[in-house]
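Got a structure for you, questions after.
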Amino acid sequence: MAQAFYTAIGGISAAQSQVNVIANNIANINTVGFKSSSFDQLLKLDGSIETYTRRDDSKGQIRITNNDFDIAIDGSGFIPVTSETGEVAYSRDGSLKIGKDGYLLTTDGWIVGDGIKIPANYPP
């Protein structure tokens with residue numbers, strides 16, 4: 001009886017994980033550089049269910065934006081970015097701009113790389 005109860009709880013947990021993955025994919029459908037995830041589950045011999053998600057790292061669509069600072073990643077890879085507080089992360093959003101101090105920033109204000117400074121006289 002107890003085993004059936006735990007198996008049922010495992011199934012409910014797996015279903016909730018699947019709903020969370022789908023909801024995250026839908027919520028970020030228009031997020032530039034977003035990589036969707038897929039949900040997989042494996043039924044083990046002992047009756048338990050192992051769940052995991054897998055990020056889709058396939059190439060997305062590259063669009064020409066006519067912004068001199070926008071970049072695109074053709075293939076795998078990420079852009080290292082740093083927040084104002086020093087937190088390091090990785091992004092695939094290549095929509096970039098120049099900040100007030102001349103540094104190349106993401107649209108969310110994260111510094112690209114270790115700090116790429118654009119000369120004040122750009123464009124020449």
Side-chain angles (χ1 to χ4, degrees):
M1 176 73 175
Q3 180 62 34
F5 179 73
Y6 290 120
T7 301
I9 289 176
I12 292 169
S13 177
Q16 182 62 52
S17 295
Q18 185 173 17
V19 169
N20 291 344
V21 168
I22 293 168
N24 186 53
N25 288 341
I26 291 171
N28 287 288
I29 197 163
N30 291 321
T31 301
V32 176
F34 176 73
K35 294 304 218 171
S36 65
S37 295
S38 63
F39 176 86
D40 291 308
Q41 58 187 8
L42 176 68
L43 180 61
K44 294 176 147 185
L45 293 176
D46 64 1
S48 64
I49 298 173
E50 182 178 323
T51 62
Y52 55 96
T53 58
R54 188 176 331 161
R55 187 181 61 235
D56 177 10
D57 283 330
S58 64
K59 179 180 172 182
Q61 180 182 7
I62 295 178
R63 292 178 282 163
I64 297 174
T65 64
N66 296 320
N67 177 351
D68 289 346
F69 301 106
D70 284 355
I71 60 172
I73 299 172
D74 186 8
S76 61
F78 293 86
I79 304 163
V81 294
T82 308
S83 72
E84 291 179 0
T85 61
E87 178 184 359
V88 176
Y90 298 91
S91 175
R92 287 188 60 92
D93 184 351
S95 303
L96 306 177
K97 63 182 181 180
I98 300 176
K100 63 183 176 187
D101 53 1
Y103 285 98
L104 199 56
L105 305 174
T106 66
T107 53
D108 294 329
W110 289 59
I111 298 170
V112 176
D114 292 330
I116 300 170
K117 191 158 189 168
I118 306 300
N121 62 350
Y122 181 85

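Positions are given from 1, in the same order as the sequence printed here. Predicted model, so just to flag it, every value in this text is computed and none were measured.
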Around Ile62, counting heavy atoms of other residues, nucleotides and ligands shown, do more than 12 lie under 6.0 Å from its CD1? yes
Gap between atom CG of Asp101 and atom NZ of Lys117 - 0.5 Å precision: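 If we round to the nearest 0.5 Å, Lys117:NZ and Asp101:CG are 6.0 Å apart.
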Under 4.5 Å side-chain linkage, directly or through intermediates, the cluster mates of Val19: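 Members besides Val19: none; it forms no cluster.
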Without hydrogens or angle criteria, can the side chains of Asp108 and Thr106 be said to hold a donor-acceptor pair below 3.5 Å? no
Closest non-hydrogen atom pair between Ile79 and Arg92, with its separation: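 Shortest heavy-atom contact: CD1-C, 4.5 Å.
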Between the main-chain N or O of Ser37 and the side-chain N or O of Asn25, is there a donor-acceptor pair closer than 3.5 Å?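 Yes; at least one donor-acceptor contact below 3.5 Å.
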Considering the options Val81, Leu105, Val88, which one meets the side chain to side chain contact (heavy atoms under 4.5 Å, CB included) requirement together with Trp110?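 So, applying the side chain to side chain contact (heavy atoms under 4.5 Å, CB included) to Trp110 and each of Val81, Leu105, Val88, only Val81 qualifies.
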Identify the residue among Thr107, Ile116, Val112 that makes a side chain to side chain contact (heavy atoms under 4.5 Å, CB included) with Leu96.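 Filter result, single survivor: Val112.
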I'd like to know if Ile71 and Ile118 are part of one continuous hydrophobic network [Ile/Leu/Val/Met/Phe/Trp/Tyr, side-chain heavy atoms within less than 4.5 Å].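 As far as the 4.5 Å side-chain criterion goes, Ile71 and Ile118 are connected within one cluster.
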Holding to ring pair (Phe, Tyr, Trp, His ring centres under 6.0 Å), I want the full list of residues that pass it with Phe69, two or more places apart in sequence or in another chain.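 Phe69: ring pair (Phe, Tyr, Trp, His ring centres under 6.0 Å) contacts with Tyr122.
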Taking only residues two or more places apart in sequence or in another chain, which ones pass salt bridge (Lys or Arg N to Asp or Glu O under 4.0 Å) with Asp114?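 Per chain and number, Asp114 pairs via salt bridge (Lys or Arg N to Asp or Glu O under 4.0 Å) with no residue.
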